[in-house]
Number of protein chains: 2
Amino acid sequence: MSDRARHIPEATVARLPVYLRSLAELVDDKIATVSSERLAEMAGVNAAKVRKDLSYLGSYGTRGVGYDVEYLLFQMSRELGLTHDWPVAIVGAGNLGSALANYGGFTQRGFPVVAMFDADRAKVGRRVHGVLVHHTDDIVELAAELGIGIGVIATPASAAQDVADKLVAAGVGSVLNFAPTVITVPEGVSLRKVDLALELQILSFYQEHREPAG
Amino acid sequence: MSDRARHIPEATVARLPVYLRSLAELVDDKIATVSSERLAEMAGVNAAKVRKDLSYLGSYGTRGVGYDVEYLLFQMSRELGLTHDWPVAIVGAGNLGSALANYGGFTQRGFPVVAMFDADRAKVGRRVHGVLVHHTDDIVELAAELGIGIGVIATPASAAQDVADKLVAAGVGSVLNFAPTVITVPEGVSLRKVDLALELQILSFYQEHREPAG
DNA sequence: GTGACCATGTGAACGGGCGCACTAGCGTCT
DNA sequence: AGACGCTAGTGCGCCCGTTCACATGGTCAC
(Lines give C-alpha, C1' and ligand atoms only; values in the text may rest on other atoms or scores of the structure.)
Protein backbone atom coordinates (compact mmCIF):
# COMPACT_ATOMS: atom_id res chain seq x y z
CA MET A 1 0.00 0.00 0.00
CA SER A 2 1.47 3.36 -0.94
CA ASP A 3 2.28 5.62 1.94
CA ARG A 4 -0.46 8.09 1.28
CA ALA A 5 -2.81 9.04 -1.56
CA ARG A 6 -3.93 5.44 -1.89
CA HIS A 7 -7.33 5.19 -3.40
CA ILE A 8 -9.85 3.18 -1.41
CA PRO A 9 -12.48 1.47 -3.61
CA GLU A 10 -16.05 2.65 -3.13
CA ALA A 11 -17.20 -0.84 -2.25
CA THR A 12 -14.66 -0.93 0.56
CA VAL A 13 -15.61 2.49 1.88
CA ALA A 14 -19.22 1.36 2.09
CA ARG A 15 -18.17 -1.57 4.28
CA LEU A 16 -15.91 0.31 6.67
CA PRO A 17 -18.79 1.56 8.83
CA VAL A 18 -20.02 -2.01 9.15
CA TYR A 19 -16.65 -3.13 10.43
CA LEU A 20 -16.60 -0.12 12.71
CA ARG A 21 -19.86 -1.15 14.29
CA SER A 22 -18.61 -4.69 14.78
CA LEU A 23 -15.47 -3.39 16.43
CA ALA A 24 -17.53 -1.23 18.78
CA GLU A 25 -19.45 -4.33 19.80
CA LEU A 26 -16.21 -6.16 20.50
CA VAL A 27 -14.98 -3.30 22.67
CA ASP A 28 -18.22 -3.47 24.64
CA ASP A 29 -17.62 -7.16 25.15
CA LYS A 30 -14.08 -6.43 26.34
CA ILE A 31 -12.53 -8.45 23.56
CA ALA A 32 -9.00 -7.27 22.84
CA THR A 33 -8.12 -8.93 19.55
CA VAL A 34 -10.12 -10.23 16.62
CA SER A 35 -9.33 -12.33 13.57
CA SER A 36 -10.44 -11.44 10.07
CA GLU A 37 -12.59 -14.54 10.12
CA ARG A 38 -14.51 -13.49 13.21
CA LEU A 39 -14.87 -9.95 11.96
CA ALA A 40 -16.10 -11.28 8.63
CA GLU A 41 -18.76 -13.31 10.37
CA MET A 42 -19.93 -10.29 12.35
CA ALA A 43 -20.01 -8.07 9.29
CA GLY A 44 -21.63 -10.70 7.11
CA VAL A 45 -18.88 -10.83 4.51
CA ASN A 46 -15.99 -12.96 3.33
CA ALA A 47 -12.83 -13.13 5.46
CA ALA A 48 -10.53 -12.43 2.52
CA LYS A 49 -12.57 -9.33 1.78
CA VAL A 50 -12.12 -8.11 5.33
CA ARG A 51 -8.37 -8.52 5.10
CA LYS A 52 -8.19 -6.76 1.76
CA ASP A 53 -10.43 -3.96 2.95
CA LEU A 54 -8.42 -3.44 6.11
CA SER A 55 -5.17 -3.54 4.18
CA TYR A 56 -6.24 -0.32 2.44
CA LEU A 57 -6.08 1.39 5.81
CA GLY A 58 -2.59 0.11 6.49
CA SER A 59 -1.01 -2.96 8.04
CA TYR A 60 -2.70 -2.83 11.39
CA GLY A 61 -2.94 -6.56 12.00
CA THR A 62 -0.49 -9.01 13.50
CA ARG A 63 0.07 -12.27 11.65
CA GLY A 64 -0.76 -15.30 13.72
CA VAL A 65 -2.77 -13.15 16.13
CA GLY A 66 -5.30 -10.89 14.47
CA TYR A 67 -6.19 -7.24 14.88
CA ASP A 68 -6.04 -5.23 18.07
CA VAL A 69 -9.65 -4.17 18.44
CA GLU A 70 -9.14 -0.77 20.02
CA TYR A 71 -6.27 0.23 17.80
CA LEU A 72 -8.12 -0.79 14.65
CA LEU A 73 -11.23 1.01 15.88
CA PHE A 74 -9.21 4.16 16.34
CA GLN A 75 -7.52 3.97 12.96
CA MET A 76 -10.80 3.32 11.23
CA SER A 77 -12.54 6.17 13.01
CA ARG A 78 -9.74 8.43 11.92
CA GLU A 79 -9.96 7.27 8.34
CA LEU A 80 -13.72 7.73 8.31
CA GLY A 81 -13.37 11.22 9.71
CA LEU A 82 -15.26 10.36 12.85
CA THR A 83 -12.76 11.81 15.29
CA HIS A 84 -14.46 15.16 14.97
CA ASP A 85 -18.02 16.41 14.44
CA TRP A 86 -19.63 17.12 11.09
CA PRO A 87 -22.30 19.78 11.39
CA VAL A 88 -25.40 18.78 9.46
CA ALA A 89 -28.28 20.80 8.04
CA ILE A 90 -31.67 19.24 7.42
CA VAL A 91 -33.78 20.76 4.67
CA GLY A 92 -37.48 20.09 5.02
CA ALA A 93 -39.15 20.39 8.42
CA GLY A 94 -42.08 18.10 7.62
CA ASN A 95 -42.69 14.69 9.09
CA LEU A 96 -39.45 13.15 7.93
CA GLY A 97 -37.24 16.16 8.60
CA SER A 98 -38.65 16.55 12.11
CA ALA A 99 -38.27 12.87 12.82
CA LEU A 100 -34.65 13.03 11.74
CA ALA A 101 -34.00 16.08 13.88
CA ASN A 102 -35.65 14.42 16.85
CA TYR A 103 -33.60 11.30 16.39
CA GLY A 104 -31.02 11.79 19.09
CA GLY A 105 -28.50 9.24 17.87
CA PHE A 106 -27.76 11.72 15.14
CA THR A 107 -25.97 14.37 17.18
CA GLN A 108 -24.71 11.69 19.51
CA ARG A 109 -22.70 10.04 16.79
CA GLY A 110 -20.86 13.10 15.65
CA PHE A 111 -23.39 14.61 13.27
CA PRO A 112 -24.96 17.52 15.17
CA VAL A 113 -27.95 19.08 13.45
CA VAL A 114 -27.12 22.76 13.57
CA ALA A 115 -29.80 24.14 11.26
CA MET A 116 -33.05 23.28 9.56
CA PHE A 117 -34.63 24.86 6.52
CA ASP A 118 -38.15 24.87 5.13
CA ALA A 119 -39.91 26.61 2.26
CA ASP A 120 -43.02 27.16 4.39
CA ARG A 121 -42.74 30.56 6.11
CA ALA A 122 -45.19 29.35 8.75
CA LYS A 123 -42.54 26.93 9.95
CA VAL A 124 -39.68 29.40 9.87
CA GLY A 125 -38.70 30.55 13.34
CA ARG A 126 -39.94 27.41 15.06
CA ARG A 127 -37.62 25.08 16.84
CA VAL A 128 -37.50 21.34 16.22
CA HIS A 129 -35.66 19.45 18.94
CA GLY A 130 -34.04 22.75 19.78
CA VAL A 131 -32.93 23.47 16.22
CA LEU A 132 -34.13 26.69 14.63
CA VAL A 133 -35.93 26.47 11.28
CA HIS A 134 -34.78 28.96 8.63
CA HIS A 135 -36.22 29.70 5.22
CA THR A 136 -34.82 27.81 2.25
CA ASP A 137 -33.96 31.13 0.61
CA ASP A 138 -31.26 31.52 3.23
CA ILE A 139 -29.58 28.16 2.64
CA VAL A 140 -26.73 29.51 0.56
CA GLU A 141 -25.80 32.24 3.00
CA LEU A 142 -26.43 30.44 6.29
CA ALA A 143 -25.08 27.02 5.43
CA ALA A 144 -21.86 28.60 4.28
CA GLU A 145 -21.66 30.72 7.44
CA LEU A 146 -22.29 27.73 9.70
CA GLY A 147 -19.71 25.65 7.87
CA ILE A 148 -22.17 22.91 7.03
CA GLY A 149 -20.41 19.90 5.54
CA ILE A 150 -23.33 17.57 5.09
CA GLY A 151 -26.82 18.46 3.90
CA VAL A 152 -29.83 16.20 4.35
CA ILE A 153 -32.71 16.62 1.92
CA ALA A 154 -36.07 15.69 3.44
CA THR A 155 -38.30 17.70 1.12
CA PRO A 156 -40.91 16.60 -1.41
CA ALA A 157 -39.46 15.32 -4.66
CA SER A 158 -40.37 18.49 -6.52
CA ALA A 159 -38.10 20.67 -4.38
CA ALA A 160 -35.17 18.29 -4.06
CA GLN A 161 -33.05 19.36 -7.02
CA ASP A 162 -33.42 23.04 -6.22
CA VAL A 163 -32.44 22.41 -2.63
CA ALA A 164 -29.46 20.34 -3.72
CA ASP A 165 -28.29 23.18 -5.95
CA LYS A 166 -28.55 25.62 -3.07
CA LEU A 167 -26.63 23.32 -0.75
CA VAL A 168 -23.87 22.91 -3.30
CA ALA A 169 -23.77 26.66 -3.82
CA ALA A 170 -23.29 27.00 -0.07
CA GLY A 171 -20.21 24.82 -0.28
CA VAL A 172 -21.78 21.70 1.17
CA GLY A 173 -19.68 18.76 0.04
CA SER A 174 -21.96 15.86 0.86
CA VAL A 175 -25.66 15.38 0.30
CA LEU A 176 -27.91 12.70 1.71
CA ASN A 177 -31.15 12.58 -0.25
CA PHE A 178 -34.36 11.19 1.24
CA ALA A 179 -36.60 12.65 -1.46
CA PRO A 180 -38.01 10.04 -3.83
CA THR A 181 -36.40 11.44 -6.95
CA VAL A 182 -33.11 11.43 -8.78
CA ILE A 183 -30.98 14.47 -8.15
CA THR A 184 -27.62 15.36 -9.60
CA VAL A 185 -24.71 17.21 -8.09
CA PRO A 186 -21.48 18.50 -9.61
CA GLU A 187 -18.42 16.30 -9.67
CA GLY A 188 -16.59 16.40 -6.38
CA VAL A 189 -19.75 16.53 -4.33
CA SER A 190 -20.74 13.25 -2.68
CA LEU A 191 -24.30 12.05 -2.97
CA ARG A 192 -26.07 9.17 -1.28
CA LYS A 193 -29.71 8.35 -1.23
CA VAL A 194 -32.19 6.65 1.08
CA ASP A 195 -35.36 5.69 -0.74
CA LEU A 196 -37.98 3.60 0.99
CA ALA A 197 -40.34 3.20 -1.95
CA LEU A 198 -37.48 2.07 -4.11
CA GLU A 199 -36.40 -0.58 -1.65
CA LEU A 200 -39.91 -1.93 -1.35
CA GLN A 201 -40.27 -2.13 -5.12
CA ILE A 202 -37.00 -3.99 -5.41
CA LEU A 203 -38.23 -6.47 -2.82
CA SER A 204 -41.50 -6.69 -4.70
CA PHE A 205 -39.63 -7.80 -7.78
CA TYR A 206 -37.90 -10.65 -6.02
CA GLN A 207 -41.09 -11.56 -4.23
CA GLU A 208 -42.88 -11.74 -7.59
CA HIS A 209 -40.14 -13.89 -9.12
CA ARG A 210 -39.84 -16.18 -6.14
CA GLU A 211 -39.31 -19.86 -6.87
CA PRO A 212 -42.53 -21.70 -6.11
CA ALA A 213 -40.66 -24.77 -4.88
CA GLY A 214 -38.60 -24.87 -1.68
CA MET B 1 -33.58 -12.40 -24.68
CA SER B 2 -34.89 -15.87 -24.05
CA ASP B 3 -38.64 -16.23 -23.98
CA ARG B 4 -38.93 -16.75 -20.28
CA ALA B 5 -36.69 -17.64 -17.38
CA ARG B 6 -34.25 -14.90 -18.31
CA HIS B 7 -32.26 -13.76 -15.36
CA ILE B 8 -32.27 -10.05 -14.68
CA PRO B 9 -29.04 -8.79 -13.05
CA GLU B 10 -29.37 -7.37 -9.56
CA ALA B 11 -27.97 -4.05 -10.64
CA THR B 12 -30.67 -3.79 -13.28
CA VAL B 13 -33.44 -4.71 -10.86
CA ALA B 14 -32.31 -1.94 -8.55
CA ARG B 15 -32.66 0.58 -11.38
CA LEU B 16 -36.09 -0.51 -12.63
CA PRO B 17 -37.98 1.44 -9.94
CA VAL B 18 -36.05 4.54 -10.94
CA TYR B 19 -37.14 4.15 -14.55
CA LEU B 20 -40.66 3.46 -13.33
CA ARG B 21 -40.75 6.74 -11.49
CA SER B 22 -39.46 8.59 -14.53
CA LEU B 23 -42.12 6.99 -16.68
CA ALA B 24 -44.82 8.00 -14.21
CA GLU B 25 -43.59 11.58 -14.52
CA LEU B 26 -43.80 11.38 -18.29
CA VAL B 27 -47.35 10.08 -18.10
CA ASP B 28 -48.25 13.03 -15.88
CA ASP B 29 -46.77 15.33 -18.49
CA LYS B 30 -48.83 13.61 -21.19
CA ILE B 31 -45.75 12.53 -23.08
CA ALA B 32 -46.46 9.46 -25.22
CA THR B 33 -43.04 8.24 -26.28
CA VAL B 34 -39.58 8.54 -24.85
CA SER B 35 -36.08 7.78 -26.11
CA SER B 36 -33.50 5.88 -24.11
CA GLU B 37 -31.44 9.05 -24.07
CA ARG B 38 -34.17 11.12 -22.45
CA LEU B 39 -35.00 8.37 -20.00
CA ALA B 40 -31.34 8.05 -19.14
CA GLU B 41 -31.16 11.74 -18.38
CA MET B 42 -34.18 11.53 -16.10
CA ALA B 43 -32.88 8.47 -14.29
CA GLY B 44 -29.37 9.83 -14.01
CA VAL B 45 -27.70 7.00 -15.90
CA ASN B 46 -26.10 6.17 -19.24
CA ALA B 47 -28.37 5.70 -22.29
CA ALA B 48 -26.78 2.40 -23.28
CA LYS B 49 -27.46 1.13 -19.80
CA VAL B 50 -31.11 2.06 -20.11
CA ARG B 51 -31.43 0.15 -23.38
CA LYS B 52 -29.71 -2.91 -21.98
CA ASP B 53 -31.77 -2.79 -18.81
CA LEU B 54 -35.02 -2.47 -20.72
CA SER B 55 -34.01 -5.21 -23.12
CA TYR B 56 -34.13 -7.65 -20.20
CA LEU B 57 -37.85 -6.97 -19.96
CA GLY B 58 -38.37 -7.67 -23.64
CA SER B 59 -38.26 -5.71 -26.88
CA TYR B 60 -40.74 -3.05 -25.97
CA GLY B 61 -39.14 -0.23 -27.93
CA THR B 62 -39.56 0.81 -31.55
CA ARG B 63 -36.42 1.50 -33.54
CA GLY B 64 -36.30 5.00 -34.84
CA VAL B 65 -38.98 6.10 -32.40
CA GLY B 66 -38.35 5.14 -28.82
CA TYR B 67 -40.50 3.56 -26.13
CA ASP B 68 -44.24 3.95 -25.71
CA VAL B 69 -44.43 5.43 -22.24
CA GLU B 70 -47.68 3.86 -21.06
CA TYR B 71 -46.95 0.46 -22.47
CA LEU B 72 -43.47 0.39 -20.97
CA LEU B 73 -44.86 1.59 -17.67
CA PHE B 74 -47.35 -1.24 -17.64
CA GLN B 75 -44.83 -3.90 -18.58
CA MET B 76 -42.42 -2.66 -15.96
CA SER B 77 -45.09 -2.57 -13.27
CA ARG B 78 -45.97 -6.11 -14.13
CA GLU B 79 -42.36 -7.23 -13.99
CA LEU B 80 -41.87 -5.51 -10.64
CA GLY B 81 -44.98 -7.17 -9.26
CA LEU B 82 -46.70 -3.86 -8.69
CA THR B 83 -49.97 -4.80 -10.34
CA HIS B 84 -51.18 -6.19 -7.06
CA ASP B 85 -50.73 -5.38 -3.37
CA TRP B 86 -48.08 -6.82 -1.10
CA PRO B 87 -49.21 -6.93 2.51
CA VAL B 88 -46.49 -5.67 4.83
CA ALA B 89 -45.86 -6.20 8.52
CA ILE B 90 -43.86 -3.73 10.56
CA VAL B 91 -42.00 -5.07 13.57
CA GLY B 92 -41.20 -2.45 16.18
CA ALA B 93 -43.82 0.11 17.18
CA GLY B 94 -41.37 2.71 18.44
CA ASN B 95 -40.61 6.04 16.83
CA LEU B 96 -39.48 4.65 13.52
CA GLY B 97 -42.07 1.92 13.25
CA SER B 98 -44.88 4.32 14.04
CA ALA B 99 -43.56 6.88 11.59
CA LEU B 100 -43.47 4.23 8.89
CA ALA B 101 -47.01 3.10 9.68
CA ASN B 102 -48.22 6.67 9.63
CA TYR B 103 -46.56 7.32 6.31
CA GLY B 104 -49.56 7.07 4.03
CA GLY B 105 -47.71 6.73 0.74
CA PHE B 106 -46.89 3.27 1.94
CA THR B 107 -50.31 1.71 1.59
CA GLN B 108 -51.05 4.01 -1.29
CA ARG B 109 -48.31 2.50 -3.40
CA GLY B 110 -49.40 -1.07 -3.02
CA PHE B 111 -47.76 -1.98 0.26
CA PRO B 112 -50.58 -1.97 2.84
CA VAL B 113 -49.42 -2.31 6.43
CA VAL B 114 -51.67 -5.05 7.75
CA ALA B 115 -50.00 -5.75 11.07
CA MET B 116 -47.50 -4.39 13.55
CA PHE B 117 -45.56 -6.21 16.23
CA ASP B 118 -43.73 -5.10 19.33
CA ALA B 119 -41.99 -6.84 22.22
CA ASP B 120 -43.42 -4.37 24.73
CA ARG B 121 -46.71 -5.74 26.06
CA ALA B 122 -47.75 -2.21 26.99
CA LYS B 123 -47.94 -1.43 23.28
CA VAL B 124 -49.78 -4.60 22.30
CA GLY B 125 -53.42 -3.95 21.55
CA ARG B 126 -52.89 -0.33 20.57
CA ARG B 127 -53.56 0.89 17.08
CA VAL B 128 -51.05 2.89 15.04
CA HIS B 129 -52.61 4.60 12.05
CA GLY B 130 -55.41 2.07 12.40
CA VAL B 131 -53.10 -0.92 12.46
CA LEU B 132 -53.27 -3.21 15.47
CA VAL B 133 -50.07 -3.95 17.37
CA HIS B 134 -49.46 -7.59 18.24
CA HIS B 135 -46.79 -9.17 20.39
CA THR B 136 -43.62 -10.34 18.69
CA ASP B 137 -44.21 -13.82 20.09
CA ASP B 138 -47.10 -14.10 17.66
CA ILE B 139 -45.14 -13.18 14.53
CA VAL B 140 -44.71 -16.71 13.27
CA GLU B 141 -48.36 -17.61 13.60
CA LEU B 142 -49.97 -14.34 12.59
CA ALA B 143 -47.68 -13.33 9.74
CA ALA B 144 -48.23 -16.72 8.15
CA GLU B 145 -51.97 -16.45 8.64
CA LEU B 146 -52.13 -12.96 7.14
CA GLY B 147 -50.00 -14.01 4.18
CA ILE B 148 -47.35 -11.40 4.84
CA GLY B 149 -44.85 -11.24 1.99
CA ILE B 150 -42.66 -8.40 3.18
CA GLY B 151 -41.50 -7.75 6.73
CA VAL B 152 -40.06 -4.45 7.89
CA ILE B 153 -37.72 -4.49 10.87
CA ALA B 154 -37.82 -1.28 12.88
CA THR B 155 -36.57 -2.61 16.19
CA PRO B 156 -33.40 -1.89 18.17
CA ALA B 157 -30.33 -3.64 16.80
CA SER B 158 -30.32 -6.19 19.60
CA ALA B 159 -33.70 -7.62 18.58
CA ALA B 160 -33.25 -7.52 14.82
CA GLN B 161 -31.81 -10.97 14.15
CA ASP B 162 -34.37 -12.67 16.34
CA VAL B 163 -37.18 -10.84 14.58
CA ALA B 164 -35.74 -11.71 11.20
CA ASP B 165 -35.65 -15.37 12.17
CA LYS B 166 -39.29 -15.22 13.24
CA LEU B 167 -40.33 -13.52 10.02
CA VAL B 168 -38.55 -16.13 7.96
CA ALA B 169 -40.17 -18.88 10.00
CA ALA B 170 -43.52 -17.30 9.17
CA GLY B 171 -42.75 -17.68 5.50
CA VAL B 172 -41.97 -14.03 4.83
CA GLY B 173 -39.89 -13.90 1.67
CA SER B 174 -38.54 -10.36 1.83
CA VAL B 175 -37.11 -8.37 4.68
CA LEU B 176 -36.37 -4.68 4.85
CA ASN B 177 -34.07 -3.93 7.76
CA PHE B 178 -33.91 -0.50 9.37
CA ALA B 179 -32.07 -1.71 12.47
CA PRO B 180 -28.45 -0.59 12.59
CA THR B 181 -26.95 -4.05 12.55
CA VAL B 182 -26.09 -6.81 10.15
CA ILE B 183 -28.65 -9.56 9.97
CA THR B 184 -28.60 -12.73 7.94
CA VAL B 185 -31.40 -14.66 6.31
CA PRO B 186 -31.47 -18.08 4.61
CA GLU B 187 -30.84 -18.35 0.91
CA GLY B 188 -33.95 -17.59 -1.09
CA VAL B 189 -35.09 -14.83 1.24
CA SER B 190 -34.48 -11.29 -0.01
CA LEU B 191 -32.89 -8.77 2.30
CA ARG B 192 -32.37 -5.04 1.87
CA LYS B 193 -31.24 -2.54 4.43
CA VAL B 194 -31.75 1.13 5.13
CA ASP B 195 -29.14 2.48 7.49
CA LEU B 196 -28.91 6.16 8.20
CA ALA B 197 -25.83 6.08 10.41
CA LEU B 198 -24.00 4.08 7.81
CA GLU B 199 -24.81 6.54 5.04
CA LEU B 200 -23.63 9.45 7.13
CA GLN B 201 -20.38 7.71 7.94
CA ILE B 202 -19.76 6.98 4.29
CA LEU B 203 -20.31 10.65 3.50
CA SER B 204 -18.03 11.52 6.37
CA PHE B 205 -15.26 9.52 4.73
CA TYR B 206 -15.50 11.37 1.45
CA GLN B 207 -15.85 14.66 3.28
CA GLU B 208 -12.67 13.90 5.20
CA HIS B 209 -10.77 12.96 2.04
CA ARG B 210 -12.04 15.88 0.01
CA GLU B 211 -9.59 17.53 -2.34
CA PRO B 212 -8.58 20.84 -0.83
CA ALA B 213 -8.30 22.50 -4.25
CA GLY B 214 -11.26 23.15 -6.53
C1' DG C 1 -41.93 2.80 -53.58
C1' DT C 2 -37.54 4.35 -52.33
C1' DG C 3 -34.10 6.61 -49.70
C1' DA C 4 -32.61 9.18 -45.73
C1' DC C 5 -32.85 9.33 -40.96
C1' DC C 6 -33.20 7.83 -36.37
C1' DA C 7 -33.28 5.14 -32.14
C1' DT C 8 -33.29 0.41 -30.51
C1' DG C 9 -30.97 -3.85 -29.47
C1' DT C 10 -26.67 -6.18 -28.82
C1' DG C 11 -21.76 -8.07 -29.60
C1' DA C 12 -17.50 -7.22 -27.75
C1' DA C 13 -13.98 -4.85 -25.19
C1' DC C 14 -13.03 -3.07 -20.77
C1' DG C 15 -12.74 -2.40 -15.77
C1' DG C 16 -13.66 -3.18 -10.97
C1' DG C 17 -14.44 -6.04 -7.39
C1' DC C 18 -14.57 -10.74 -5.40
C1' DG C 19 -12.61 -14.81 -3.55
C1' DC C 20 -9.35 -18.57 -3.82
C1' DA C 21 -5.18 -20.01 -2.51
C1' DC C 22 -0.63 -19.11 -1.49
C1' DT C 23 3.16 -16.72 1.05
C1' DA C 24 5.00 -14.13 4.84
C1' DG C 25 5.69 -13.56 9.46
C1' DC C 26 4.52 -13.71 14.49
C1' DG C 27 3.79 -16.35 18.78
C1' DT C 28 4.12 -20.49 21.41
C1' DC C 29 5.32 -24.94 22.90
C1' DT C 30 8.65 -28.42 23.41
C1' DA D 1 16.73 -22.90 19.81
C1' DG D 2 13.92 -24.87 16.60
C1' DA D 3 9.66 -26.42 14.82
C1' DC D 4 4.84 -25.90 14.52
C1' DG D 5 0.50 -23.57 14.17
C1' DC D 6 -2.05 -19.74 13.24
C1' DT D 7 -3.51 -15.58 10.81
C1' DA D 8 -2.45 -11.29 8.13
C1' DG D 9 -1.40 -9.73 3.60
C1' DT D 10 -1.68 -10.33 -1.47
C1' DG D 11 -1.14 -12.11 -6.48
C1' DC D 12 -4.12 -13.96 -9.78
C1' DG D 13 -7.96 -15.64 -12.27
C1' DC D 14 -12.90 -15.12 -12.64
C1' DC D 15 -17.26 -12.95 -13.10
C1' DC D 16 -20.51 -9.27 -13.14
C1' DG D 17 -21.58 -4.94 -14.82
C1' DT D 18 -20.62 -0.98 -17.71
C1' DT D 19 -19.77 1.23 -21.98
C1' DC D 20 -18.73 1.79 -26.84
C1' DA D 21 -19.90 1.19 -31.31
C1' DC D 22 -22.33 -0.94 -34.86
C1' DA D 23 -25.84 -3.35 -37.18
C1' DT D 24 -30.82 -3.85 -37.34
C1' DG D 25 -35.05 -2.42 -38.51
C1' DG D 26 -38.61 0.79 -38.17
C1' DT D 27 -40.69 5.74 -39.72
C1' DC D 28 -41.39 9.57 -42.60
C1' DA D 29 -40.92 12.59 -46.56
C1' DC D 30 -41.28 12.95 -51.33
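All chains are named by letter (A, B, ...) in the order of the sequence lines, taking the proteins before the strands, and each is independently numbered beginning at 1. What you see is a predicted model; the values in this text were computed from it and never measured. Basis for what follows: all heavy atoms, side chains included, without hydrogens, waters or symmetry-related copies.
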Look at [X] and [N] and indicate whether a side-chain polar atom (N or O) is within less than 4.0 Å of OP1 or OP2.
X       : N      : result
B:Tyr56 : D:dG17 : no
A:Tyr60 : D:dT7  : no
B:Lys49 : D:dT19 : yes
A:Asn46 : C:dC20 : yes
B:Ser36 : C:dT8  : yes

Which nucleotide wins on minimum distance to the side chain of [X], given the candidates [options]?
X       : options                : result
B:Thr62 : C:dG27, C:dC18, D:dT27 : D:dT27
A:Arg51 : C:dG27, D:dT19, D:dG9  : D:dG9
A:Ser35 : C:dC20, D:dT7, D:dA21  : D:dT7

Base, sugar-phosphate or nothing for [X]? Non-hydrogen atoms, less than 4.0 Å.
X       : answer
B:Arg15 : sugar-phosphate
B:Val50 : nothing
A:Gly64 : base
B:Thr12 : nothing
B:Glu10 : sugar-phosphate

Spell out, as yes or no, whether a donor-acceptor pair under 3.5 Å connects the side chain of B:Arg38 to the backbone of B:Thr33. no
So, A:Ser22 side chain and A:Leu39 main chain: donor-acceptor pair closer than 3.5 Å or not?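 Pair absent, no side-chain N/O of A:Ser22 close to backbone of A:Leu39.
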Straight-line distance of B:Glu208 CD to A:Leu82 CG, nearest 0.5 Å: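 The CD atom of B:Glu208 sits 8.5 Å away from the CG atom of A:Leu82.
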Spacing of [X] atom [atom1] relative to [N] atom [atom2], expressed in whole Å:
X       : N      : atom1 : atom2 : result
B:Asp53 : C:dG9  : CG    : C1'   : 13 Å
A:Asp68 : C:dC26 : CG    : P     : 16 Å
A:Leu39 : D:dT7  : CG    : P     : 14 Å
B:Leu72 : C:dT8  : CG    : C1'   : 12 Å
B:Tyr67 : C:dC6  : OH    : C1'   : 13 Å
A:Glu37 : C:dG19 : CD    : P     : 14 Å
B:Ile8  : D:dG17 : CD1   : C1'   : 15 Å

Please state whether the base of C:dT8 and the side chain of B:Arg63 form at least one donor-acceptor pair under 3.5 Å?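 Check passes, donor-acceptor contact within cut-off.
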Can you tell me whether the side chain of A:Lys52 and the base of C:dG19 have a donor-acceptor pair closer than 3.5 Å? yes
Near A:Glu37 CD, under 6.0 Å, is it more than 12 heavy atoms from other residues, nucleotides or ligands?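 Result for CD/A:Glu37: open.
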Applying the salt bridge (Lys or Arg N to Asp or Glu O under 4.0 Å) test to A:Glu199, which of B:Lys193, B:Arg192, B:Arg109 qualifies? B:Arg192
Can a donor-acceptor pair be found between the side chains of A:Tyr60 and A:Asp68 at a distance below 3.5 Å?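 No pair is found: no donor N or O on one side chain lies under 3.5 Å from an acceptor on the other.
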